[in-house]
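Working notes, structure below.
Chain letters run A, B, ... following the sequence lines, proteins first and then strands; every chain starts at 1.
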There are 2 protein chains.
Amino acid sequence: MSNSKLYKGSLTTIILKLLNEHDKMYGYEITQKVKALTKGELKITEGALYPALHKLEAEGLLDVEVAKVDNRLRKYYKLTETGTKETVNKLEELAEYIKTMQTLVNPKLV
Amino acid sequence: MSNSKLYKGSLTTIILKLLNEHDKMYGYEITQKVKALTKGELKITEGALYPALHKLEAEGLLDVEVAKVDNRLRKYYKLTETGTKETVNKLEELAEYIKTMQTLVNPKLV
DNA sequence: TTCTTATACATAAGAAAATTATGCATATAT
DNA sequence: ATATATGCATAATTTTCTTATGTATAAGAA
């Protein structure tokens, strides 16, 4: 992310969630999707994204499939079975975190 | 934090918000307050807390006042004027971040 | 009385995850 | 021709956290 504050650990969750919804995506597509969904508020940098994708692949959460489109390389990533399960966990963790932060930061509403 | 996933940047916001509500607090008190408010879900470690407090002080967001209670040292921190302004910013950032994450993670509800 | 737990601070080493800065290559639009 | 967009990648650095220590006093349990 360039301009806005990405909180540590968020990126993995974002990637997994997007892949959970879109079946298969390639890196550049993910950066554009995030930009579009957040109306430009969140910009994923390649320096963060590609190492994160590689790590998820190494951990067995993602599978890769290389394709050539318009003479340009694309690496399509998709969730493995393990990755799908982990996505559920990550989303629960995020929801939990948000709830906790709201408790701390806005105690009257909780 | 020990057990649960603290997201990067959260700690500063938590500290500022607590000081915004409680006028002055000392380090140990902050750890206990967070533990109590979150029912043990979030545990701030000293290794994270004290350096964070020192940094906020160095940045001019906090003032320190040393006290001796029961023959034990306490360092009371309170917000400076700048710190109070920055608290507002940090809280807005957090709210924005939560909104953004919900957009990404639960797009149908937004 | 000794040992554990709680209170209260601090720092150092290391890990994790980002930012920033590059680099390469092709395609399209100006 | 040149800039912008598409598409990948990595290295250096920074930030922020965890884990592991260390010091010291007080209170409670064995």
Side-chain angles (χ1 to χ4, degrees), chain A residues 1-16 24-36 40 42-59 61-62 64-77 90 93-94 97 100-101, chain B residues 1-16 24-36 40 42-59 61-62 64-77 90 93-94 97 100-101:
Chain A
M1 295 67 216
S2 54
N3 44 2
S4 38
K5 41 271 134 203
L6 214 231
Y7 287 65
K8 174 176 158 188
S10 304
L11 182 54
T12 295
T13 306
I14 292 172
I15 293 171
L16 292 177
K24 69 176 187 177
M25 298 181 86
Y26 56 101
Y28 186 77
E29 188 184 8
I30 292 176
T31 67
Q32 299 308 303
K33 179 63 83 179
V34 169
K35 204 198 284 185
L42 208 60
K43 284 170 192 153
I44 294 180
T45 59
E46 300 114 309
L49 178 65
Y50 291 115
L53 287 172
H54 300 161
K55 197 188 171 209
L56 288 171
E57 190 199 345
E59 289 168 351
L61 305 189
L62 301 184
V64 189
E65 181 194 325
V66 179
K68 201 156 197 177
V69 179
D70 283 335
N71 207 31
R72 268 196 242 95
L73 198 73
R74 280 185 191 172
K75 284 185 150 187
Y76 281 99
Y77 290 91
K90 287 285 185 189
E93 270 178 29
L94 177 65
Y97 165 75
T100 298
M101 285 306 287
Chain B
M1 297 62 216
S2 54
N3 43 4
S4 37
K5 41 270 132 204
L6 216 230
Y7 286 65
K8 173 175 156 186
S10 304
L11 182 54
T12 295
T13 307
I14 292 171
I15 293 171
L16 292 177
K24 71 175 185 176
M25 297 180 85
Y26 56 99
Y28 186 77
E29 188 183 8
I30 292 176
T31 67
Q32 299 308 301
K33 180 63 83 180
V34 169
K35 203 198 284 184
L42 209 60
K43 284 169 193 153
I44 295 179
T45 59
E46 301 114 309
L49 178 65
Y50 292 115
L53 287 172
H54 300 160
K55 197 186 171 211
L56 289 171
E57 189 199 345
E59 289 168 351
L61 306 189
L62 301 185
V64 190
E65 180 196 324
V66 179
K68 201 157 196 178
V69 179
D70 281 338
N71 207 32
R72 269 197 241 94
L73 199 73
R74 279 185 192 170
K75 284 184 151 186
Y76 281 99
Y77 290 92
K90 287 286 185 189
E93 271 179 27
L94 177 65
Y97 165 75
T100 298
M101 286 306 288

Exercise. Got a sec, which pairs hit salt bridge (charged side-chain N to carboxylate O under 4.0 Å, His left out) with one end in residues 44-58 of chain B, sequence neighbours left out?
Worked result: B:Lys55-B:Glu59
For this session: Could you tell me which residues satisfy side-chain hydrogen bond (donor to acceptor under 3.5 Å, both in side chains) with A:Thr31, sequence neighbours excluded, listed by chain and number?
Result: none
For this session: Measure the distance from NZ on A:Lys24 to P on D:dG7 and round it to the nearest whole Å.
Result: 13 Å
Exercise. Pick the nucleotide of DNA chain D nearest each of A:Pro51 and A:Val69; which residue has the one closer to the 5' end?
Worked result: A:Val69
Seminar exercise, completed: Any strand, both distances under 3.5 Å, Watson-Crick or G-U wobble: D:dT21 pairs with C:dA10
Exercise. NA contact type, A:Gly47, heavy-atom cut-off 4.0 Å: base, sugar-phosphate, or nothing?
Worked result: base
Problem set entry | Rounded distance in Å - OH (B:Tyr50) to P (D:dC17) | 16 Å
Exercise. What is the distance, rounded to the nearest whole Å, between atom CD1 of A:Ile14 and atom P of C:dA18?
Worked result: 9 Å
Problem set entry | All side-chain hydrogen bond (donor to acceptor under 3.5 Å, both in side chains) counterparts of A:Tyr28, not counting sequence neighbours | none
For this session: Round to a whole Å and report the spacing from OH of B:Tyr76 to C1' of C:dT7.
Result: 12 Å
For this session: Look at the side-chain N and O atoms of A:Tyr26 and state whether any lies under 4.0 Å from the OP1 or OP2 oxygen of D:dG7.
Result: yes
Exercise. How long is the line joining NZ of B:Lys55 and C1' of C:dT11, in whole Å?
Worked result: 17 Å
Exercise. Residues two or more places apart in sequence or in another chain: which of them pass side-chain contact (heavy atoms from CB on, under 4.5 Å) with A:Lys75?
Worked result: A:Val64, A:Val66, A:Tyr77
Exercise. Does A:Gln32 use its side chain to pair, donor to acceptor, with the backbone of A:Glu29 at less than 3.5 Å?
Worked result: no
Exercise. Within the structure shown, what part of the strands sits under 4.0 Å from B:Glu29 by heavy-atom distance: base, sugar-phosphate, or nothing?
Worked result: nothing
Exercise. Once you round it to whole Å, what is the distance between C1' of D:dT16 and NE2 of B:His54?
Worked result: 16 Å
Problem set entry | Contacts of B:Thr13 that satisfy side-chain hydrogen bond (donor to acceptor under 3.5 Å, both in side chains) - sequence neighbours left out | none
Problem set entry | Side-chain N,O (B:Lys75) to OP1/OP2 (C:dA10) below 4.0 Å | yes
Exercise. How long is the line joining OH of A:Tyr77 and C1' of D:dA9, in whole Å?
Worked result: 10 Å
Nucleotide N/O of nucleotides 24-28 of chain C paired with protein N/O under 3.5 Å:
{"residue": "C:dT26", "atom": "O3'", "partner": "A:Asn71", "partner atom": "ND2", "Å": "3.3"}
{"residue": "C:dT26", "atom": "O2", "partner": "A:Arg72", "partner atom": "NE", "Å": "3.1"}
{"residue": "C:dA27", "atom": "OP1", "partner": "A:Asp70", "partner atom": "O", "Å": "3.3"}
{"residue": "C:dA27", "atom": "OP1", "partner": "A:Asn71", "partner atom": "ND2", "Å": "3.2"}
{"residue": "C:dA27", "atom": "O4'", "partner": "A:Arg72", "partner atom": "NH2", "Å": "2.7"}

Seminar exercise, completed: Between CG of A:Leu49 and C1' of C:dT22 the distance, given in whole Å, is 17 Å
